[in-house]
Amino acid sequence: MIRHGERLILVDTGFSPQEAERRGRTMLIHPVEALRQLGISASSITDVVITHLHYDHAGNLADFPEALFHLQDREMAYGTGRCMCHDRLRRPFAVDAVVDAVRLTFSGRVCFHDGNGEIMEGLTIHLVGGHSRGLQVVRLDDGNDVVVIASDALHFQRFL
Ligand SMILES: [Zn+2]
Ligand SMILES: [Zn+2]
């Protein structure tokens, strides 16, 4: 979660209780509840960056009623296209999460990006791909420090 002036930006939305059940995973805390415990209501989130559409990053999208969702063109194309005909490629995706992303698109609430982009001053997204075709990471530069939220590209980190 990033606070930037009036805006509250969430990076990824975790997995849904239904998907946890389906995959035999224990949900320790629902992301909306985790935010609530921080004093943040889901409806106060203004922006959600979806790093990629894998089930553990893009569940619960419908729980953020006021948010604009930032997603890469090629991630949506990948998650709704021919590659999903292959079991192995489809496995990390949840159809409900992908369908939610499509519904949000039809509600005009998805801001698509084609490659690197700036969401607001000091907050940029960077297309990495690889792990999923349109995987993006988030970079926050407040003028003093730089923080990168690397999502599932963390293994590319170079220790200096
Ligand atoms: Zn992933
Ligand atoms: Zn992941």
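Both ligands and their constituent atoms are indexed starting at 1 by order of listing.
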Item to check | For the Zn ion (ligand 2): the N/O/S atom of D56 at shortest distance | outcome: OD2

Next on the checklist: Under 2.8 Å from the Zn ion (ligand 2) - does any N, O or S atom of H131 fall there?
Outcome noted: no

Checklist entry - Would you find a donor on one side and an acceptor on the other, under 3.5 Å apart, between the side chain of R109 and the backbone of P65? => result yes

Next on the checklist: Side chains of D12 and T51 only: does a donor on one sit below 3.5 Å from an acceptor on the other?
Outcome noted: yes

Checklist outcome for this item: Closest to the Zn ion (ligand 1), among the N/O/S atoms of H54, is atom ND1

Item to check | Modelled atom types, side-chain donor and acceptor of S132 and E75, under 3.5 Å | outcome: yes

Item to check | N, O or S atom of H52 closer to the Zn ion (ligand 1) than 2.8 Å | outcome: yes

Checklist entry - When you measure from the side chain of S44 to the backbone N and O of I40, does any donor-acceptor pair fall under 3.5 Å? => result no

Item to check | For the Zn ion (ligand 1): the N/O/S atom of D152 at shortest distance | outcome: OD2

Checklist entry - Do F93 and Y78 have ring centroids that are under 6.0 Å from one another? => result yes

